[in-house]
Student: 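Dropping a structure here in structure tokens format, bear with me for questions.
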Amino acid sequence: MSATKIIHSVPSDPLTGSISVPVYQTSTFIQEAPGVNKGYDYARTNNPTRKVLEDVVAQLEEGHSGFAFATGLAAIDAVLKLLSAGDEIIAVDDIYGGAYRLFTHVYEKLGIDVNYVDTTDVSNVANAVSKRTKIIWIESPTNPTLKVSDIQKIAIIAHSVGALLVVDNTFASPIAQQPIKLGADIVIHSGTKYIGGHSDLVAGLVVTKTAELAEKLKFIQNASGGVLGPWDCFLTIRGIETLELRFKKQSENAFAVAAFLKQHPAIDEVFYPGLSSHKNHDVAKRQQNELYGGIVSFALKEDTEAAANSFVTSTEYFKLAESLGGIKSLLCHPPQMTHASIPREKRLQSGIRDSLVRLSCGIEDVQDLIYDVSQALNTVSSLKEVLVKV
Ligand SMILES: *Cc1c(COP(=O)(O)O)cnc(C)c1O
């Protein structure tokens, strides 16, 4: 979507001409007579500030309707409520940890089965679907090893058994990838990440392809009530106004950092879908508008937690914190942080090695980010050995 379209998808206020979106900090709306109102009656059901955000996000993803929730997980939770006991989900195997926790510890208990497969190989998905499959749930790229799945092909498989394809588009953002245009039925976002973009809020978003799904989601949103408050809606809208600028700059920075890491003697493996060495590069290139996002992961030659600790505590600009996608660069060590709840064996199976570090590149000057990564790598002991030998 073009920058112009994004900027002008945010309306000025028709009542006052206010160029920015007003924050309607209210719980209720006065009625002229019972049931006679101006389209708003109670703020869980609808709020004018939230309505602007929901309409803008629907346009960003070129879907029918958008819905704003208190967090990304509340958005995921709302979509899962489309299901009934006995239904089955086919999910990407290295799914976001919070989604895994919700699927396994909340929904499996309620009679919903989840079958995890490696969706980067489309034949695994084709072999896994059954008549009970109601949702295929993918993330592309995934966290933290940035695996990419072919959305168009998986949509065809989902529809062949009457299932919905849900895509968690958090890592690509609608700037790189619009899953509904590729055949997905529902798109979800953690608005906390690129869409908010400033590490100053938590939010979740859902966009549906059809009016029919929109009606169901609207019902669930109002019935369960996990809505986003008006102030956070305002901040999310303000974030969206610069999303295109930020995401392109972050992608540029990450590409340069990934290329630097790739040739560095202390590095064993770099995960970045923009690199031609990445396993799913061809799909990523076709599907992501040649934009690969701000996240780069890597593993060290000295594949230990101690080496990773040395790196993550030595950076100046990359701040050690969970979360990603903001203007300020962050980094984390998934085995001890975001993915600590996954047993080590399982982590290793999905490529999350002991020394794996995830960088989220912000919008700083690229030479400063490369300098920072380079000086932090100098603290890793294996590099010292390499340099001595040279
Ligand atoms: C962070 C994240 C979520 C959860 O979002 P919250 O806003 O933290 O609840 C879901 N999916 C992905 C891919 C994420 O990165």
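Residue numbers start at 1 and run along the sequence shown. Ligands are counted one by one from 1 in listed order, and the atoms in each one are counted from 1 as well. What you are looking at is a predicted structure, and each value in this text was computed from that prediction instead of being measured.
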Student: What I want to check is whether the side chains of S310 and T379 have a donor and an acceptor closer together than 3.5 Å.
Tutor: yes
Student: Tell me every residue that passes side chain to side chain contact (heavy atoms under 4.5 Å, CB included) with D282, counting only those two or more places apart in sequence or in another chain.
Tutor: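 Testing D282 for side chain to side chain contact (heavy atoms under 4.5 Å, CB included), a comparison that skips the adjacent residues, returns none.
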Student: Any ion pair linking K147 and D118 (charged N to carboxylate O, less than 4.0 Å)?
Tutor: no
Student: Regarding D94 and T142, do their side chains bring together a donor and an acceptor under 3.5 Å, going by distance alone?
Tutor: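 Result is yes, a qualifying pair exists.
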Student: For the residue pair S329 and E364, confirm or rule out a side-chain donor-acceptor distance under 3.5 Å.
Tutor: yes
Student: Salt-bridged, R353 to E269, with N to O below 4.0 Å?
Tutor: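 Salt bridge between R353 and E269, a charged N being under 4.0 Å from a carboxylate O: yes.
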Student: Run through all N or O atoms in ligand 1 and write down each protein N or O closer than 3.5 Å, as a pair with its distance.
Tutor:
{"from": "ligand 1", "atom 1": "5 (O)", "to": "S190", "atom 2": "OG", "distance (Å)": "3.0"}
{"from": "ligand 1", "atom 1": "7 (O)", "to": "G72", "atom 2": "N", "distance (Å)": "2.9"}
{"from": "ligand 1", "atom 1": "7 (O)", "to": "S190", "atom 2": "OG", "distance (Å)": "2.9"}
{"from": "ligand 1", "atom 1": "7 (O)", "to": "T192", "atom 2": "OG1", "distance (Å)": "2.6"}
{"from": "ligand 1", "atom 1": "9 (O)", "to": "G72", "atom 2": "N", "distance (Å)": "3.1"}
{"from": "ligand 1", "atom 1": "9 (O)", "to": "L73", "atom 2": "N", "distance (Å)": "2.9"}
{"from": "ligand 1", "atom 1": "11 (N)", "to": "D168", "atom 2": "OD2", "distance (Å)": "2.7"}
{"from": "ligand 1", "atom 1": "15 (O)", "to": "K193", "atom 2": "NZ", "distance (Å)": "2.7"}

